[in-house]
Amino acid sequence: MPKRYYLTTPIYYVNSVPHAGHALTMMVCDATKRHRELRGEEVVFLTGTDENGTKVAEAAAAAGETPQAFTDRISQAFVEAWRKLDFQYDDFIRTTEPRHHAAVQRLFDILREKGHVYMGSYEGWYDVSAETFVREADLVDGKSPDGNEVRWVSEENYFFRLSAFGDPLLAHIEQNPEFLQPEGRRNEVISFIKQGLRDMCITRANPGWGIPVPGDDSRVIYVWFDALINYLAATGWPEAGWEDLWPCDVHWMAKEIFTRFHATLWPAMLMAADLPLPRTVIAHGWFTFGEGGKMSKSKGNVINPDDLIQKFVEAGCQPELAMDAVRWVLARSVPYDNDTNFTEDSIERIYNADLANDLGNALNRALNMAHKFVGGQIPDAEPEADLVAAIAEAKAKVADAFDRHRIDEAADGAIGLVRFLNKYIDTRAPWALAKSEDPALGAVMLSILLGLRASEALVRPFIPHAADAMAKQLNLAPLTDYDAIGTPASLPAGTKLNNPEPMFPRLERAKPEPKPAAAPAEKAEKKEKPKRGLPEPAPEVSIDEFFRFDLRVARIIEAERAEGSDKLMKLQVRVGDIQRQIVAGIAKQYAPEDLIGRQVVVVFNLKPAKLMGLDSQGMIMAADGPDGGAILLEPDKEAPEGSRVH
RNA sequence: GGCGAAGUAGCUCAGUUGGUUAGAGCAAACGGUUCAUACCCGUUAGGUCGCCGGUUCGAGUCCGGCCUUCGCUACCA
């Protein structure tokens, strides 16, 4: 079997419900699939849900459900959401399926046999919620940097020898410019790898949910290690026949899971197993919602695809066309290097300009003219040369944009033909030709209709139902062959045209609110931003917990700036008769000569650390200054050196 | 702190290897048209291309420095 074009979205983690961000990735893949199929290619589009992980087991327990019932329910929510946008994936993989389990265990075995997976021990803090290990130094008030609860774990686990793949990965990235995109992200990966990859712990104690390590039921495979393998599992690997899909042509995803997972861990896993690497791994940016705000459920500014569809239905769209309107707006807004603002305002503007004013109106006016001027049928005439040229140009532009994975440009290329068509209509003015009974009328009307027919096919990957509606109004079967676009055969003379029916009613928009005074006010607000409120109170601790900190009065006897750092000061302090070196981030506020001889308070039993290659045995206590700088604490009068501070 | 990206019209962005008067879409003003969904078409206005310096006959483009924003990353607290 010949190789088929294979593209994927990530599998979505079942801890959240579908939102516009997921829909964006889906849209990009769905449009790509439909476009390539128009060009006669066989395409397989994979999506699915990620359902393993300790967190899922715990979330299910919290919801009073079995993990299976819980994941069935959430997974179904994604299926439903995608049905409402008519995303035509060919396969939906769930990581709880036997085919996935089989592939994961097989790959694990292969890596273990080849010596890329070894048993090691891990002792340290574990963030259950994020399912990641947290270094001691990164703990904040006994919690992970994200504020999650951590627990101390001490266990033997399997490790993947990721560290061995840095150089091969860099070489591959170097030799394959198309591998990682866009370029900015590619650079990010290169610098990430260059600073050294660490082996990765890829198993966890078995919580009764997940994929057991082959031959060792006491452990399950780490959810990320397992999740990535879905792309391979869906090809049927390791059973025969997978080569007609693998290697994958494109893995699409949002930027946050690009660098560490899809651009580093996953290719390393494949290399380790001697499997081919995907041709292209590409990340899009995020939607932001409103005034520079990130997508945030608490702000209530998240735009839900369902609500958007509803909005267009209320505006008067047929349900299927309302769905298309959402699809179009998504495709036109795909962020690449930067994030993009996705707001009611931008959505309405895109809809009105492209779909209502340009596309909808072009179809409507053309059909009206055909009924009035040429008897409501497709004239028997030759299309005019500049119109034919415009179609060819648009075809090439759309195909090229898709080949470069620029979905927004492809949509622009498609609607560009419609814009040209509106100008052409005005320039050739069929109503004037009709009035003067000019013989060019037939050719002009034929050209206009041919332009519409071509537009139908070019917008089809984005708005398939609108394309069908266009074909129906032209009384023709849908045009589904890219090569036929713009040909006389695509528009048989004599075809009786149907009556025009508006597809996308214009959205009436509130007049843009006049806010000349708003700009300076905004600026002022931004400048005053540093005056933040009282810092959040830390969680309550008991007196016993407090006494675990051994605070002492110490005297600074030497001070010098740490080489190569403008923040760090290297200090020698005396605590009673003990001398210690402490490295502190106070060099911006204090000069060495200000410090020598001073009494300060130090944390005496802090775990030693290395900063800029210097040992630091303790910490100097200081208050946060208004600019974030340190203000040293000093006893009110000379205190006995080494005395405890309570 | 390090690395990277971005900074071009009111908004969103395009500007190839340096080469005339810096472009598009949206928004605005004006005009035109009547086939059409108050739409479409045209014209106009609007830019010291973040700032400073350099290379060059010539810089949005190349080089150096700085500022701002964002991302990644190290560290500090």
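First the proteins, then the strands, lettered A, B, ... as listed; each starts at 1.
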Residues A:W266 and A:H251: side-chain donor-acceptor under 3.5 angstrom: yes
Side chains of A:Y424 and A:E384, donor plus acceptor under 3.5 Å: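 Yes, a side-chain donor-acceptor pair sits under 3.5 Å.
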With both pairing distances under 3.5 angstrom for Watson-Crick or G-U wobble, and | for a partner in another strand, the correct string for RNA chain B is (((((((..((((.....[...)))).(((((.......))))).....(((((..]....))))))))))))....
Would you say [X] reaches [N]'s phosphate, i.e. side-chain N/O to OP1/OP2 under 4.0 Å?
{"X": "A:N357", "N": "B:rC40", "result": "yes"}
{"X": "A:R260", "N": "B:rU73", "result": "yes"}
{"X": "A:K255", "N": "B:rC72", "result": "no"}

Quantified in whole Å, what is the C1' atom distance between nucleotide B:rA14 and nucleotide B:rG54?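 So the two C1' atoms sit 28 Å from each other.
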Nucleotide of [options] approaching [X] most closely (side-chain heavy atoms):
{"X": "A:N187", "options": "B:rC40, B:rA5, B:rC26", "result": "B:rA5"}
{"X": "A:E188", "options": "B:rG71, B:rC11, B:rU37", "result": "B:rG71"}
{"X": "A:D426", "options": "B:rA36, B:rU73, B:rC40", "result": "B:rC40"}
{"X": "A:N361", "options": "B:rC26, B:rU73, B:rA36", "result": "B:rA36"}

May I ask you to list the residues of residues 311-329 of chain A, by number, that have any heavy atom positioned under 4.0 Å from an atom of RNA chain B?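 Of all residues in residues 311-329 of chain A, none places a heavy atom under 4.0 Å from RNA chain B.
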Could you tell me the separation between the CZ atom of A:R506 and the P atom of B:rC39, rounded to a whole number of Å? 4 Å
Between A:D339 and A:K255 (salt bridge meaning N to carboxylate O under 4.0 Å), is one present in this structure?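 The answer is yes: the pair qualifies as a salt bridge.
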For a quick test of reading the model, state the closest non-hydrogen atom pair linking A:E256 to A:W286 and the distance between them.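 Shortest heavy-atom contact: OE1-NE1, 2.8 Å.
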Could you tell me which residues satisfy ring-ring contact (aromatic ring centres under 6.0 Å, His included) with A:H172, sequence neighbours excluded, listed by chain and number? A:F179
Side chain to side chain contact (heavy atoms under 4.5 Å, CB included) assessment of A:R404 paired with A:E409: CA-CA 9 Å; A:R404 290 182 293 111; A:E409 282 184 31; 2.7 Å; yes
Between A:T340 and A:F504, whichever has its closest RNA chain B nucleotide further toward 5' is A:T340
For A:T259 and for A:D354, locate the closest nucleotide of RNA chain B by heavy-atom distance; then report the residue assigned to the nucleotide nearer the 5' terminus. A:D354
Keeping the roles fixed (side chain from A:S191, backbone from A:E188), state whether a donor-acceptor pair exists under 3.5 Å.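 Yes, A:S191 side chain to A:E188 backbone: donor-acceptor pair under 3.5 Å.
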Are A:F462 and A:F402 close enough that their ring centres sit under 6.0 Å apart?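 Judged by ring-centre distance (under 6.0 Å), A:F462 and A:F402 do meet the cut-off.
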